[in-house]
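Only one structure is covered here, and it is reproduced in the block below.
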Amino acid sequence: MYPDQYREFMLVCVSHFGRNPYFMQRLGAMPIPPSEQAFIRSVLKQVGAPDDLDFDGFEERVNWNGD
């Protein structure tokens with residue numbers, strides 16, 4: 001992803017997720033649910049970046065908090 005693409009990508013994601021959750025997800029400190037992964041892929045497509053990028057891993061867990 002080019003710097004201009006990343007800047008636009010980050011602005012859209014921060015406005016959607018919030019600043020702290022965005023950076024926590026980016027650092028891998030917070031998992032990204034499938035619905036949010038779909039949103040991220042749509043933003044990648046919107047800014048012209050490759051949308052075939054893979055996420056680091058997959059975890060199947062029960063969300064006891066209902067978040």
Side-chain angles (χ1 to χ4, degrees):
M1 178 180 322
Y2 295 111
D4 289 341
Q5 291 172 327
Y6 175 71
R7 201 170 303 115
E8 186 177 348
F9 171 80
M10 185 184 75
L11 290 174
V12 172
C13 288
V14 167
S15 69
H16 181 79
F17 299 121
R19 186 169 183 79
N20 288 341
Y22 167 75
F23 284 105
M24 288 177 68
Q25 289 174 341
R26 184 176 150 213
L27 294 172
M30 191 166 122
I32 305 171
S35 61
E36 292 179 3
Q37 290 179 21
F39 173 77
I40 290 169
R41 288 190 192 284
S42 71
V43 175
L44 287 170
K45 188 174 184 179
Q46 175 185 329
V47 300
D51 60 350
D52 61 347
L53 302 173
D54 288 328
F55 292 91
D56 291 339
F58 179 80
E59 294 180 15
E60 191 164 339
R61 300 192 276 175
V62 175
N63 184 355
W64 296 104
N65 296 328
D67 298 334

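Values below: all heavy atoms of this structure, side chains included; hydrogens, waters and symmetry mates excluded. Quick caveat, the model's predicted, so the values are computed rather than measured.
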Practice problem: Apply ring pair (Phe, Tyr, Trp, His ring centres under 6.0 Å) to Phe39 and list each qualifying residue two or more places apart in sequence or on a separate chain. | Solution: His16, Phe17
Practice problem: Go through the structure and list residues passing side-chain hydrogen bond (donor to acceptor under 3.5 Å, both in side chains) with Glu36, not counting sequence neighbours. | Solution: Gln25
Self-check item: For Gln5 against Ala49, the heavy-atom pair lying closest together
Solution: NE2-N, 3.7 Å
Quiz item: Residues sharing Met30's hydrophobic cluster, by side-chain heavy-atom contacts under 4.5 Å among ILVMFWY, directly or via others?
Solution: Met24
Exercise. Please check if Leu44 and Tyr6 belong to a single hydrophobic cluster, counting links between Ile, Leu, Val, Met, Phe, Trp and Tyr side chain heavy atoms closer than 4.5 Å.
Key: yes
Quiz item: Quick one: are Glu8 and Tyr2 in side-chain contact, heavy atoms under 4.5 Å?
Solution: no
Practice problem: Give a yes or no on whether Val47 and Val14 share a hydrophobic cluster (residues Ile, Leu, Val, Met, Phe, Trp, Tyr; joining criterion: side-chain heavy atoms under 4.5 Å apart). | Solution: yes
Quiz item: From Arg19 CZ over to Met10 CE, what is the distance, rounded to the nearest 0.5 angstrom?
Solution: 6.0 Å
Exercise. Flag the pair Phe9 / Ile40 as yes when at least one side-chain heavy-atom distance between them is below 4.5 Å, and no otherwise.
Key: yes
